[in-house]
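In what follows, a structure is listed as structure tokens, so that the remarks can point back to it.
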Amino acid sequence: MSNITYAQALNEALREEMKVDSRVFLMGEDIGHHGGIFRVTKDLIDEFGADRVRDTPISESSFVGVGIGAAMVGLRPVVELLFMDFALVAADQIVNQAAKLRYMSGGTVSIPMVVRAQQGGGRGNGAQHSQSFETWLAQIPGLIIVAPSTPADAKGLLKSSIRAGNPVIFIEHKLLYNIKGDVPEGDYSIPIGKAEIKRDGRDITIVSYSRTLLFALEAAKTLAQKGIEAEVIDLRTIEPLDMNTILESVKGTGRLLVVHEAHSNCGLGAEIIARVYEQAPDTLIMPPRRLGAKHVPIPVAESLEDAVLPQPADIVNAVEAMF
Amino acid sequence: MPLTPERLQDAYRQMLIIRKFEETIRSLYQQGKIRGSFHPCVGQEATAVGGCWALRKDDYLTCTYRGHGQAIAKGLNLQAAMAEMLGKETGCSKGKGGSMHFTDPSVGLLGANAIVAGGVPHAAGAALASQLQKKDNVAIAYFGEGAVNQGVFLESLNLAVIWKLPLILVCENNLYSEMSPSHETTSVVETYKRAAGFGFEAMQVDGNDIEAVYNAVEQAAARARAGGGPTYIEAMTYRLWGHMMGDPEIYRTKEEVAKAKENEPIVRCGKRLIELGCTDADLSRLDGEAEAIIAAALQFAESSSAPQPADAFTDVFI
């Protein structure tokens, strides 16, 4: 085990995959000598050269498209978007192209491409640099979506994503990069589509992922002091969703809260709650709840942003209201 | 390989096959046997055959929803193409892609695309892969002049030049962007001048002259293979039918279309073959051969089965 940051864990995953697979190459803005604005690609250019750690112009649509073309003929591009918000600039290439080409070709081509991007708020970056897009991306058949919350998961899931053989949207969070954690050394991977119970508990199931997963764990500590033992599930993969782990947990607890930073409206919380009602209608002893961003663009001032995005205290309050 | 008189006869037959393929589709469409839309390339066969025949099978191609001709010229199996039009399980995409998404990587066809300019960066990506792997395959992207105002197209021009990609861009300028005259929608309607502004080796050729297209693409390919970077070829041509089935064509006169027919590529190629010593009987034999090939493709497609409903859930990550 080594105790490293989330950004370092991602860097290790990229380095290891590039070492063992010459088909893997990176593209993105300022990822070369600059090492990426969050240092995820730090020093990789020295080891692998500017061809495989390729700086791009500020033109997301074309370089995501170039990644698709390179993937179709056998390479394994890992494309970095500086901010997830810029996925909208490349939306046609992600949604109309990457997600659909395998299907539309009757399986004769595939797109083994990873699009990495950091998203989310909490840093005062404003409404065009703080959004969370997993909800609407999950609406698109053909995309795998992962969103790790810890350094170990980040490394293991990035390796799985590069090997997945299908387009993966790899969601990082700008406020997770400096979080440290124990990461196994050497080659290991975390399977796509598998949630993990990050904390055991018997009273309520809290489902979350990415940064709000850490908020849920923090809230669970507070709740424990009040006599409520929360089970905290880290989805890790958004699509495909691991409903089995959620259903098993809810069967034991009878209560469900879903927490995410993406806007609550028509969000993953609604989807998970609907599926629990469809697939195990008798398990809930209390109406379930969801917490997400309130339905306004993400503001800059801290007092405003904190009011819009779910906070640990909001999780505690939501859980207490269910007892 | 030069376009010898013997090969020009084969190319003439290939253009006839494409023409008859689309005439057959029109008839099937009118019988209600084809779902969705159909965007014909009738009148543009020389750009397809001239360009694709100047390349190797392992070179890469992306094209557009008006790309039946290019797909067939690159080597897409005709029976699989016809079956795809009819939504059969034997289609090149098993009935999942249809008219606008012909794909067959075994002949380098990375896909027709239904988003204008959407496939241009894919060709650039295939070219980049070739460059990264130190291979000598080149990539060609076909698009209409209606694509040159798309952001991703202009972005791709920039990338192709800064990365010196082995890429050939062929603009089929047929004067109309869907149903609008392009001189009304495009600032510099001689699109090769835009590409030149980006630093491309850029030229305009007579797109109805199959030999001119062939020579331009052959030279561009040689240049790309030698590491000389991308080339932009604007092939001036004319779409003899509407943008799609059902287009009332209010944007042009019947006289204009009639005049364009005098210059259409198959007639011109026939005249050229006569000049080179072919007889009328030779041309009619080639026509008969094309007819038989299309009839066999149609027979194959019509006798194929529809996909099973369960097949809707394969070929995608679920």
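Chain naming here is simple, since letters A, B, ... match the order of the sequence lines and numbering starts at 1 in each.
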In terms of side-chain geometry, is the basic nitrogen of [X] or [Y] positioned less than 4.0 Å from the acidic oxygen of its partner?
X: A/Arg76; Y: A/Glu17; result: no
X: A/Lys19; Y: A/Asp187; result: no
X: B/Arg56; Y: B/Asp136; result: yes
X: B/Glu234; Y: B/Lys193; result: no

Please classify the contact of [X] with chain A as side chain, backbone, both or neither, using a heavy-atom distance under 4.5 Å.
X: B/Leu110; answer: both
X: B/Asn113; answer: side chain
X: B/Gln131; answer: side chain
X: B/Leu154; answer: neither
X: B/Ala126; answer: both

Q. Checking heavy atoms, do the side chain of A/Thr56, its backbone, both or neither come under 4.5 Å from chain B?
A. both
**Q.** Residue part contacting chain B, namely of A/Asp92, when any heavy atom lies under 4.5 Å
**A.** side chain
Side chains of [X] and [Y], donor plus acceptor under 3.5 Å:
X: B/Glu172; Y: B/Thr47; value: yes
X: A/Ser161; Y: A/Arg116; value: no
X: A/Asp85; Y: A/Gln128; value: no

Heavy atoms only, distances under 4.5 angstrom: which of [options] has the most pairs with chain A? Name it, please.
options: B/Gly151, B/Cys92, B/Ser93; result: B/Ser93
options: B/Pro105, B/Gly97, B/Ser156; result: B/Pro105
options: B/Phe102, B/Phe153, B/Trp163; result: B/Trp163
options: B/Val152, B/Thr62, B/Asp311; result: B/Val152

Q) Which residue out of A/Tyr103, A/Phe63, A/Phe25 racks up the most heavy-atom pairs below 4.5 Å with chain B? A) A/Tyr103
**Q.** When A/Arg23, A/Lys100, A/Arg54 are compared by non-hydrogen pairs under 4.5 Å with chain B, the top option
**A.** A/Arg54
Q: Please test A/Glu60 against A/Gln93 for side chain to side chain donor-acceptor pair (under 3.5 Å), starting from the C-alpha separation and ending with a verdict.
A: CA-CA 9 Å; A/Glu60 288 81 5; A/Gln93 290 299 326; over 6 Å; no
Q. Checking ring pair (Phe, Tyr, Trp, His ring centres under 6.0 Å) for the pair B/His122/B/Tyr60: CA distance, chi angles, key distance, verdict?
A. CA-CA 10 Å; B/His122 305 165; B/Tyr60 304 115; over 10 Å; no
